[in-house]
Amino acid sequence: MLYAILCYDSEEVVGAWSAETETAVMARLGAVQDRLRAEGRLGPVARLMPTTAATTVRKGAEPLVLDGPFAETKEQLLGFYVVDCDSLDAAIEVAAELGRASGSAGAHEVRPLMLYRPGEAQVEAS
Amino acid sequence: MTDLAWIDAALASARPRAVAALLRYFRDMDLAEEAYQEACLRALARWPEQGAPRDPAAWLILVGRNSGIDAVRKAARTEALPPEDQLSDLDDAEAGLADRLDEGQYRDDILRLLFVCCHPDLPATGAIALALRIVSGLTVAQIARAFLVGEKAMEQRITRAKARIADSGVAFETPGPIERAERLGAVAAMVYLIFNEGYSASGAEAGAREPLCREAIRLGRLLLRLFPSEPEILALTALMLLQHARSAARLDGEGQVVLLEDQDRGRWDGAMIAEGLALLDKAMRHRRPGPYQVQAAIAALHARAKTAADTDWAGIERLYATLERMQPSPVVTLNRAVALGRLSGPEAALDLIAPLGERLDGYFYYHGARGAFLDQLGRAEEARAAFVRAIGLAGSAAEAAYIRQQLDRLSQPK
């Protein structure tokens, strides 16, 4: 079984870290990742840019594009894609297409990645 | 158990919201500031053991308000007080309070606070100092260091600014939509001024002033959270990130400025550039270009160039022409001339700046750029005269030394 581990913290606090704190935290996380990688258990690792860099595409006949992360709290994060796009417009187009294909309510949040490592884990998700 | 470093960062980031709300409540800067300090002391006593509250800013506002009221009560026992039911007990009130303090309220409070600090009656330096003290919570000593003045002088400057604001009867009411748009523009300009105070420093000052850049970026991000769809706020934050991304490469070992084309691009901060580009991307989708957006687009073209030779000078020249139409200024034209020089040669650049001579006669960069163009054309005598004029106008030893180098090079036999 693959598990996604989603990181939550106060963005204001993390954003206010000094360069030294940032480096120290990343080094500690890197040590955990290194162990998991050595065991062949590490899947993709991604760090998202701050929510201020986010754009939300609300599903619907006419997809609605909003600045910022505006998924409503009654909606839960169900999964995510990593897509390579040349521009934000292209990414929004992909999100709108996914929204049409899903045929349900909700939204897709487009958040640029700050870091992406594809990972080693070979386990098949059920 | 909550980590002390986390608490420090949480207190710093909650500060603008908390102080802004306390200012609305008490309408007195000193009282609001003292109430906030007191709330921080209590947070430091409680959070490490009991954990941080769900909404640190709301907690600080409530505790600060109660302690401020206590202070007022002690000072003047006869004064009328807010109804007792507002002085609720913390533990049961916190959750409900956090919900009531919605984003809209925060937004107006912070905007009001920032706007009070950039009051038109204050000289720019006073406004910046006040904002750094009240909004950012830098100590007087830190601000004094950043502005290269003594602590006492800075203390006086801030006290004067506070007094001026107290006398002027600044409106503490919630701003209406039009007023809010106007305020946001003034606030954005002040944030950029803070950034430039940090960014323009070189030599020994650079280290002391660098925190101003980080603080300005933090304020930009704060404004962006409150106004996620304002293209000029997106662009301003993008602009600051794109410029600050170069900070490790733009000063040499002696703290002297390294020209953009000579910078080691490997030392630029890639993550900061990526975030700046992402924010600019969002801003441009609104199709409402503004001056910050154009400046950020110029910074983005520099940032995207893998080497100095890859720089898209045609794009930069076009963007400066756009900026010239939006905000006509001889300095913008001079910048366009530099881009045009790269694109079409020094002759075209000289033609473009020829009409600026009168207005920019006292401007170091005008004579420096003019000297460089003339030099490229082999008009050595005229170039020398321009450089000599520039040296007389140099604002720092580093600028003078740079021009001196050009002069020395001109004297070498070819």
Side-chain angles (χ1 to χ4, degrees), chain A residues 7-28 46-58 63-73 83-96 107 109-117, chain B residues 2-3 5-17 52-57 103 136-137 210-211 214-215 217-231 233-234 237-238 241 244 247-248 269-287:
Chain A
C7 315
Y8 288 88
D9 198 345
S10 161
E11 189 173 274
E12 290 192 336
V13 171
V14 172
W17 279 347
S18 65
E20 300 83 66
T21 309
E22 165 87 21
T23 312
V25 172
M26 287 304 137
R28 290 200 300 272
R47 186 174 181 192
L48 303 178
M49 281 192 195
T51 48
T52 48
T55 307
T56 300
V57 184
R58 286 219 74 84
L64 184 62
V65 180
L66 302 160
D67 286 308
F70 284 136
E72 291 179 28
T73 43
V83 193
D84 185 11
C85 295
D86 284 340
S87 69
L88 177 61
D89 282 340
I92 287 171
E93 186 40 53
V94 173
E109 184 177 313
V110 178
R111 273 280 273 290
L113 296 187
M114 245 166 87
L115 175 154
Y116 179 74
R117 297 202 178 101
Chain B
T2 305
D3 186 41
W6 190 94
I7 293 178
D8 266 350
L11 292 179
S13 58
R15 180 179 175 109
R17 290 177 166 190
R54 195 159 59 90
D55 184 341
E103 206 68 7
S136 304
E210 197 270 343
R214 272 186 282 139
E215 184 53 31
I217 290 172
R218 204 169 69 83
L219 292 174
R221 288 206 168 109
L222 172 73
L223 288 175
L224 205 47
R225 260 195 302 276
L226 302 171
F227 301 91
S229 287
E230 283 297 329
I233 300 296
L234 281 162
T237 311
L241 285 165
H244 195 50
S247 61
D269 186 322
M272 237 184 250
I273 288 175
E275 190 187 340
L277 294 176
L279 294 177
L280 176 61
D281 230 5
K282 280 182 69 174
M284 298 203 339
R285 287 194 71 261
H286 289 271
R287 311 268 179 266

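Predicted model, so just to flag it, every value in this text is computed and none were measured.
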Can you give each donor-acceptor pair under 3.5 Å made by side-chain atoms of residues 269-277 of chain B, sequence neighbours left out, with the distance rounded to 0.1 Å?
residue	atom	partner	partner atom	Å
B/D269	OD1	B/A271	N	3.1
B/D269	OD1	B/M272	N	3.0
B/E275	OE1	B/R221	NH2	2.7
B/E275	OE2	B/R221	NE	3.2
B/E275	OE2	B/R221	NH2	2.9

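If you tally non-hydrogen atom pairs under 4.5 Å between each of A/L115, A/V65, A/T21 and chain B, the highest count goes to A/V65. Chain A forms more heavy-atom pairs under 4.5 Å with one residue of B/A14, B/P228, B/P56, B/A9 than with any other, namely B/P228. When B/S229, B/A278, B/A10 are compared by the number of non-hydrogen pairs under 4.5 Å with chain A, B/S229 comes out ahead. Your options are B/R214, B/H286, B/R218, and the one with the most heavy-atom pairs under 4.5 Å with chain A is B/H286.
When side chains are defined from C-beta on, A/M26 does not count as touching A/T23, because their heavy atoms never get closer than 4.5 Å. Residues A/L88 and A/T55 are in side-chain contact: their nearest non-hydrogen atoms beyond the backbone lie under 4.5 Å apart.
Only the side chain of A/S10 comes within contact range of chain B, with at least one heavy atom under 4.5 Å from a heavy atom of that chain. Of the atoms belonging to B/L224, heavy atoms from both backbone and side chain fall under 4.5 Å from chain A.
The salt bridge (Lys or Arg N to Asp or Glu O under 4.0 Å) check on A/R117 picks up nothing, with sequence neighbours excluded.
Residue A/T51 holds its OG1 atom at 11.5 Å from CG of A/D67, rounded to the nearest 0.5 Å.
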